[in-house]
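One structure below.
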Number of protein chains: 2
Amino acid sequence: MIMSVLPPRPKGPPITSLRAFEAAARLGGFTRAADELCVTPGAVAQQVKALEAWCGVDLFERHAQGVRLSRVGVEVLPSLSAAFDAMGEAVSVLRRATAPGRVHISALPAVAQLWLSPRLPAIRAALADVEISVTALEAPPNLAREPFDLSVFYGEGDGRLIARDEIFPVCAPEVARQLQSIEDLANVPCLADAVWTQDWETWLSGCATQVPLPAPVRGPVYSLYALAVEEAVNGAGVLIGHSALVARHLESGALVAPFSRRVTLPRGLVLGVRGGEMSPPLTALVNLLISESRL
Amino acid sequence: MIMSVLPPRPKGPPITSLRAFEAAARLGGFTRAADELCVTPGAVAQQVKALEAWCGVDLFERHAQGVRLSRVGVEVLPSLSAAFDAMGEAVSVLRRATAPGRVHISALPAVAQLWLSPRLPAIRAALADVEISVTALEAPPNLAREPFDLSVFYGEGDGRLIARDEIFPVCAPEVARQLQSIEDLANVPCLADAVWTQDWETWLSGCATQVPLPAPVRGPVYSLYALAVEEAVNGAGVLIGHSALVARHLESGALVAPFSRRVTLPRGLVLGVRGGEMSPPLTALVNLLISESRL
DNA sequence: TCTCTAGGCTCAGATTTACTATGCCTAGCT
DNA sequence: AGCTAGGCATAGTAAATCTGAGCCTAGAGA
């Protein structure tokens, strides 16, 4: 038995630290990085500090209102990002190799329920051998890093525009009968989504007639847009409809648009596709989804 | 306060698992991977298993005498290796950016002490602003992954040959007086290094005269070659000298070579240099080391 | 000027992850 | 038959990572 008493090998920095730093640097803040990594900002701060301790240099300049990359940080970021992109790509290759017929879609909860879900049966029928799973997320994932193949979110760029986002009030037919003019809105509950609270404002601004609705619209607020839609269908009030999300209900007549005025938002429903090689099932699915868009 | 009760985001595989798999796949065995990663083979086995569980597919075929990559494993390995190479490169960039004048050399303990160490004072004098650190390792590190800039080990390829490896007996002058012929070796202790035990055999084989030395040479065995050299200098016996490692002592006369027969091994002292961009100090150091080699 | 808010820091404790140690098993050698 | 190399499984342990709470600073708004 040979006892080799050698000093501990110098080790590279923990990968976790590198990941935290990369995310913080790329997104420009610990809080944003924490969001992407699904941890608390404190955890990111600790990891970054650990990395700074490892290399003995500050990677960020701390200001009270946020952090800015230091000179060294700027130098180092590109190669690190490249490395993590390569890692994401490798994981993607692994997923493709182990489950070629599996496609994982991420979408805004409302989009998943009101836009994607109604289309899935037809898609599943057309692509019988593809296993489609859907995860609802509040914010679009980083497709280069996280294990999703597609994303469907509202946004302005970074993908293929599937539908414009037009907004206009919608309600159940019996509620519509009470609404002759825009001023009548003051007499019915105005439903609102928790994150799309300014929809009413946006639609009303530029209206010919000044309407007395207070900016934060009075009326129930829902954390899930799909829930608000459901309530509107049940006659609970008037909701600002997003064209892509209420189209089905307009067709079926469950909802009607009492006013003709429509406002097109600068953003739209955007389909994001994972970079790198695409499996045949994924290609087929993307084509199906795109063919839905009539722009 | 919005309570968003969303299902847990699907997460990618733990990076540690990927690293363990990559090493095991590249080196063709859990034990070898464990060596490179400085953990026990059991740890590697666990990580690999975790990864296989994550993707639901076996990455290795287990045979009792080792493992072989499965089809999927073969498909996945290249992109993973590329990712970890990119990660190593990123760490290297980080080290260069944070400590431009620092060079880290790894070498076999014997090489570090007997070849490198005597040269360092002159090098430090010539390159005053370079901070050189040396780590002794039993096996050459993976320069693309571990935080070393240079390696000096005995080997056959993978780098620049600095010196051939000639072996021949050496001893203190007073011991040499007892050695007229090769047969006299039977009458003195034959020192040996723990890992280079077959040096004697190699040197003796092909000798004109058959010598009665048993294959595992009788005599003290040292776990550190430098220690054996020290003992030889002190007159404890005859040691098989490696040209690069005993040159200084031969010059000073502390050791002499009692026999003229020399055997050149197929391997040699090889200088490994980290890939990627080289800092000016590193370039200068490499040039100095190479200029030592008179081949 | 005061307060509020966003973003970051730190520390202690909890939790999760990773590793070691041990014993067992198999196939190929000698 | 006995030995060795390499892998597997399990339990306990060590280390890494995360959370949670309270504190701090600078800018924005009243």
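Just so it is clear: chains get the letters A, B, ... in the order the sequence lines come, proteins before strands, and each one is counted from 1.
If you measure from atom CG of A/Leu37 to atom P of D/dT19, you get 10 Å, rounded to the nearest angstrom. Distance CG (B/Asp35) to P (D/dG6): 10 Å, rounded to an integer number of Å. In this structure, A/Ile15 atom CD1 and C/dT17 atom P are separated by 16 Å, rounded to whole Å. Whole-Å rounding puts the B/Arg68 CZ to D/dG6 P distance at 14 Å.
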Distances under 3.5 Å only, N/O to N/O: pair up the protein atoms with those of nucleotides 19-23 of chain C.
from	atom 1	to	atom 2	distance (Å)
C/dC19	OP2	B/Gln47	NE2	3.1
C/dC19	N4	B/Gln46	OE1	3.4
C/dT20	OP2	B/Thr40	N	2.6
C/dT20	OP2	B/Thr40	OG1	2.8
C/dT20	O4	B/Gln46	NE2	2.9

Which atoms of nucleotides 27-30 of chain C (N or O only) lie under 3.5 Å from a protein N or O atom, and what are those distances?
none

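Less than 4.0 Å separates DNA chain D from at least one heavy atom of each of the following residues of residues 18-32 of chain B: B/Gly29, B/Phe30, B/Thr31.
A/Glu61 pairs by the side chain to side chain donor-acceptor pair (under 3.5 Å) definition with nothing, not counting sequence neighbours. For A/Ala226, the side-chain contact (heavy atoms from CB on, under 4.5 Å) criterion is met by A/Gln113, A/Leu114, not counting sequence neighbours. With sequence neighbours excluded, the residues satisfying side chain to side chain donor-acceptor pair (under 3.5 Å) with A/Ser17 are A/Gln47. With sequence neighbours excluded, no residue forms a side chain to side chain donor-acceptor pair (under 3.5 Å) with A/Tyr154. For A/Ala112, the side-chain contact (heavy atoms from CB on, under 4.5 Å) partners at least two apart in sequence or on another chain are A/Ala107, A/Val134.
Note on residues 90-100 of chain B: pairs passing side-chain hydrogen bond (donor to acceptor under 3.5 Å, both in side chains), not counting sequence neighbours, are B/Ser92-B/Arg96, B/Arg95-B/Asp149. Residue pairs meeting the side-chain hydrogen bond (donor to acceptor under 3.5 Å, both in side chains) criterion with at least one partner in residues 73-87 of chain A, sequence neighbours excluded, are A/Glu22-A/Ser81, A/Arg71-A/Glu75, A/Asp85-A/Arg145. Legend: salt bridge (charged side-chain N to carboxylate O under 4.0 Å, His left out) pairs involving residues 190-199 of chain A, not counting sequence neighbours: none detected. Sorted by first and then second residue, the pairs that involve residues 32-49 of chain A and meet salt bridge (charged side-chain N to carboxylate O under 4.0 Å, His left out), not counting sequence neighbours, are A/Arg26-A/Glu36.
Checking the phosphate oxygens (OP1, OP2) of D/dG7, no side-chain nitrogen or oxygen of B/Lys49 falls inside 4.0 Å.
A tilted orientation is assigned to the rings of A/His242 and A/Trp196, their planes being inclined by 30° to 60°.
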